[in-house]
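As the structure is a computational prediction, the values presented were derived from the model and not from experiment.
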Protein chains: 2
Amino acid sequence: MVTLAEVAQHAGVSASTVSYVLSGKRSISAGTRQRVERSIQELGYHPNAGARALASSRSNIIALMVPLRTDMYVPVMMEIAIAVATTARIHGYDVLLLTGEEGPDAVRRVTGSGLADAMILMDVELDDERLPLLRQSGQPSVLIGLPADTAGLTCVDLDFTATGALCAEHLALLGHRDIAVIGEAPAVYERHTGFAERTLDGLRNRSRELGLRMLHRPCEGGYDVMAVTLARIFDERPGTTGFVVQNESAVAPLLALLRQQGRAVPEDVSVIAICPDQVATQASLRLTSVAIPAQEMGRRAVEHLVAKLDGHGTDEVVLLAPELTVRASTGPVPSAG
Amino acid sequence: MVTLAEVAQHAGVSASTVSYVLSGKRSISAGTRQRVERSIQELGYHPNAGARALASSRSNIIALMVPLRTDMYVPVMMEIAIAVATTARIHGYDVLLLTGEEGPDAVRRVTGSGLADAMILMDVELDDERLPLLRQSGQPSVLIGLPADTAGLTCVDLDFTATGALCAEHLALLGHRDIAVIGEAPAVYERHTGFAERTLDGLRNRSRELGLRMLHRPCEGGYDVMAVTLARIFDERPGTTGFVVQNESAVAPLLALLRQQGRAVPEDVSVIAICPDQVATQASLRLTSVAIPAQEMGRRAVEHLVAKLDGHGTDEVVLLAPELTVRASTGPVPSAG
DNA sequence: ATAGGTTGTCGAAGCGCTTCGACAGGGACT
DNA sequence: AGTCCCTGTCGAAGCGCTTCGACAACCTAT
């Protein structure tokens, strides 16, 4: 293993000079810089991460805590994680993968050991038990998701309240009066995941304002469960003509079932999905949808974190504005009769 | 930040004693151990990761390189990643998340800097460009996937050749003579991903042995693409009665299309999926399938790696035996007429 | 020519830990 | 009683880097 000292000797300069060439923290003459850089090349030098971390108290690592659960749409999580890793590398950071399993302990461990310089938390609950620790640790962090109390925290999320409202508006505008919301799995609501509840709030409030009747049903996804859920919905509200689906694994089943029942989309019923664009465009018909901007969320989270680490960063709640793309699954309400 | 020295002082022992309490590398009297442990508790001490890495040349970090691509079924990747992270923690390791994007450079960087003690590579191609580097670096590593040349490497993978053979056997046994294979996206074959080609080999060879006619069509997944693919298949081989699907995002569309065309499953055609159990059980009918044991692959990979890091580890290719679960999507070939 | 300010380089200290060799003390033997 | 060997503890060195203060060399303005 090649060390700084060896590079220095090879280039005929002192160790500190090599260090300054690497970090750029002091000015170095062009000639010296070139000699050092050549030596680095020739010897194949890579700075030792541990030594660097020890001396500078900076690990250049960002910890990312991903949910262990699989009751939420996994590809979104993965897309966020990859966006985080990619963006982090651009800024010179590596990413440490923590699972939600460890919970608050992981925060303590990472904070205490200096393993990571900062944290990104995904799947934040409204009243998340990791937050008090995070606040008191003073470690720079960004949440992807929105807890109830955001004081002293930086959060990045899609504006799910606005997303819900947007869906209600779109359906109302098309003349629908009775809509049903196919929500996330019950467990998601039970643990008070912010995004699910906020979407619901947005839907409810806007529906009320617009005079829509709205029925909400959590749904675990999968064909059989969806079949039962759908049957119950039409039982209770036979006049339902609009659907908003928030659980991606319920999308395909819903479409299949509607077709099977002879309900044409969008002629008889309209369907809006809240899902990544890929899901919306790969379904059996192109779905009107509000996109979940997974990549952007990951990217923004890292950029905020890096800004904080560089000193110019603020506590802030960033809510991305939802965008509804009209495709082939929504249309005017069928004329009565 | 609390240091070893402070703990030592608080407990009235020397720093090295505290270190030995922590590592267990020398025997410590019960009394001393307890005093030290109490001090650690009281002061809330966490060893500094950088200092530890520097002094011991061990970072206790495993690097995991996940594919950046999204043309393969993402949940499997995620499940593997999470199993890796979880298992690694059990053995005292953390996981560094590397994206495939960086390619061979990431191997060099991680190896050279001592950032990680070992690597796990996912999405290995038959002739992967990262392998020469990995071999020469001498860094302990495990591949999830199977390259063409496994000399000097440890690999963990599902036995996809056997998987293909198993599918052919099952269909042959039910009396099918004409089968179609819905494969992964063309890009997956183009970059010579081992598992896709091996599955195909297994299917082809066993089909030949059993007198099956087999048609293979790569397929990107999604409803529209699947529709075109399916139409071409029945065009070319109208007598097709058996399907093997390897692309998870083609499963739901295939079932929907078959139903739409009035072909009953399993009465008219049989369908086997190669996919995680969750996909097989959540589809519109319970699918006969060969499971992809994502968790087990992740777990085994880590365990092998840890064994290597502990000195008792061998280069070895671990192929997990496929298991076919018969569910409701396969049945005897329809009697002619 | 001289004071004052840059610029580029160096030496040394120190980050917090692991680990090696040393050694005091106490049993179990001769 | 003396030797030997454990067992448990300590001190010190050193891991490879960053960073601070020092300082020589040069440039500019008097």
Side-chain angles (χ1 to χ4, degrees), chain A residues 1-37 39-40 43-61 92 94 109-117 309, chain B residues 1-37 39-40 43-61 92 94 109-117 309:
Chain A
M1 160 164 268
V2 188
T3 70
L4 227 211
E6 291 171 330
V7 173
Q9 191 175 5
H10 186 271
V13 298
S14 77
S16 47
T17 300
V18 177
S19 178
Y20 286 123
V21 167
L22 252 34
S23 68
K25 290 190 180 172
R26 286 205 180 166
S27 51
I28 297 286
S29 68
T32 305
R33 168 176 292 110
Q34 280 176 18
R35 247 177 322 130
V36 170
E37 279 167 354
S39 298
I40 289 176
L43 300 179
Y45 169 71
H46 285 270
N48 177 298
R52 187 167 258 193
L54 177 56
S56 65
S57 348
R58 287 286 227 110
S59 63
N60 288 300
I61 289 180
D94 271 294
R109 192 167 61 84
V110 167
T111 297
S113 67
L115 231 187
D117 298 332
L309 288 167
Chain B
M1 159 163 269
V2 188
T3 70
L4 227 212
E6 290 170 328
V7 173
Q9 193 174 1
H10 186 270
V13 298
S14 75
S16 46
T17 300
V18 177
S19 178
Y20 287 123
V21 167
L22 253 34
S23 68
K25 291 191 179 172
R26 285 204 181 169
S27 52
I28 297 286
S29 70
T32 306
R33 168 176 292 111
Q34 280 176 19
R35 249 180 316 132
V36 170
E37 280 166 355
S39 298
I40 288 176
L43 301 179
Y45 168 71
H46 285 269
N48 178 296
R52 188 167 256 192
L54 177 57
S56 66
S57 348
R58 286 286 226 111
S59 64
N60 288 301
I61 289 181
D94 271 294
R109 191 167 62 84
V110 168
T111 297
S113 67
L115 230 187
D117 297 332
L309 288 167

Check whether any side-chain nitrogen or oxygen of [X] sits under 4.0 Å from OP1 or OP2 of [N], and answer yes or no.
X       : N      : answer
B/Ser29 : D/dT9  : yes
A/Thr17 : C/dC10 : yes
A/Lys25 : D/dT19 : yes
A/Ser56 : D/dT18 : no

Atom [atom1] of [X] and atom [atom2] of [N]: how far apart are they, to the nearest Å?
X       : N      : atom1 : atom2 : value
B/Leu4  : C/dG14 : CG    : C1'   : 16 Å
B/Met1  : C/dC17 : CE    : P     : 8 Å
A/Gln9  : D/dC17 : CD    : P     : 14 Å
B/Arg35 : D/dG8  : CZ    : C1'   : 12 Å
B/Arg58 : C/dG16 : CZ    : P     : 23 Å
B/Arg26 : C/dC20 : CZ    : C1'   : 7 Å
A/Asn48 : D/dG16 : CG    : C1'   : 6 Å
B/Tyr20 : C/dT19 : OH    : P     : 7 Å

Item to complete: Drop me the distance from B/Thr111's OG1 to B/Asp117's CG, to the nearest 0.5 angstrom.
Response: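 Going from the OG1 atom of B/Thr111 to the CG atom of B/Asp117 covers 11.0 Å.
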Worksheet item: Sub-3.5 Å donor-acceptor pair from the side chain of B/Asp94 to the main-chain atoms of B/Ile61, do we have one?
Response: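 No, because the side chain of B/Asp94 does not come within donor-acceptor range (under 3.5 Å) of the backbone of B/Ile61.
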Worksheet entry | Exam field: side chain A/Ser113 to backbone B/His46, donor-acceptor pair closer than 3.5 Å |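 No, A/Ser113 side chain to B/His46 backbone: no donor-acceptor pair under 3.5 Å.
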Item to complete: Specify the residue among B/Pro47 and A/Gly12 whose closest nucleotide of DNA chain C lies further upstream toward the 5′ end.
Response: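 Of the two residues, A/Gly12 wins.
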Discussion item. Taking any heavy-atom pair under 4.0 Å as a contact, classify A/Leu54: base, sugar-phosphate, or nothing.
Written reply: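 Base, at least one base atom sits under 4.0 Å.
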Worksheet item: Which part of the nucleic acid, if any, lies within reach of A/Ser19 when heavy atoms closer than 4.0 Å are counted: base, sugar-phosphate only, or nothing?
Response: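 A/Ser19: base contact, heavy atoms under 4.0 Å.
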Worksheet item: What's the closest nucleotide to the A/Tyr45 side chain, out of C/dG16, D/dC17, C/dT18?
Response: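 Side chain of A/Tyr45 sits closest to D/dC17.
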Item to complete: Side chain of B/Ser16 only, please: which of D/dC17, C/dT9, D/dC10 is the nearest?
Response: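 Output: D/dC10.
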Worksheet item: Above 12 or not: heavy atoms from other molecules or residues under 6.0 Å from CD of A/Glu6?
Response: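 Counting other residues, nucleotides and ligands, CD of A/Glu6 exceeds 12 neighbours.
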Worksheet item: Does B/Val7 reach the side chain of B/Val2, with side-chain heavy atoms less than 4.5 Å apart?
Response: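 Yes, their side chains come closer than 4.5 Å.
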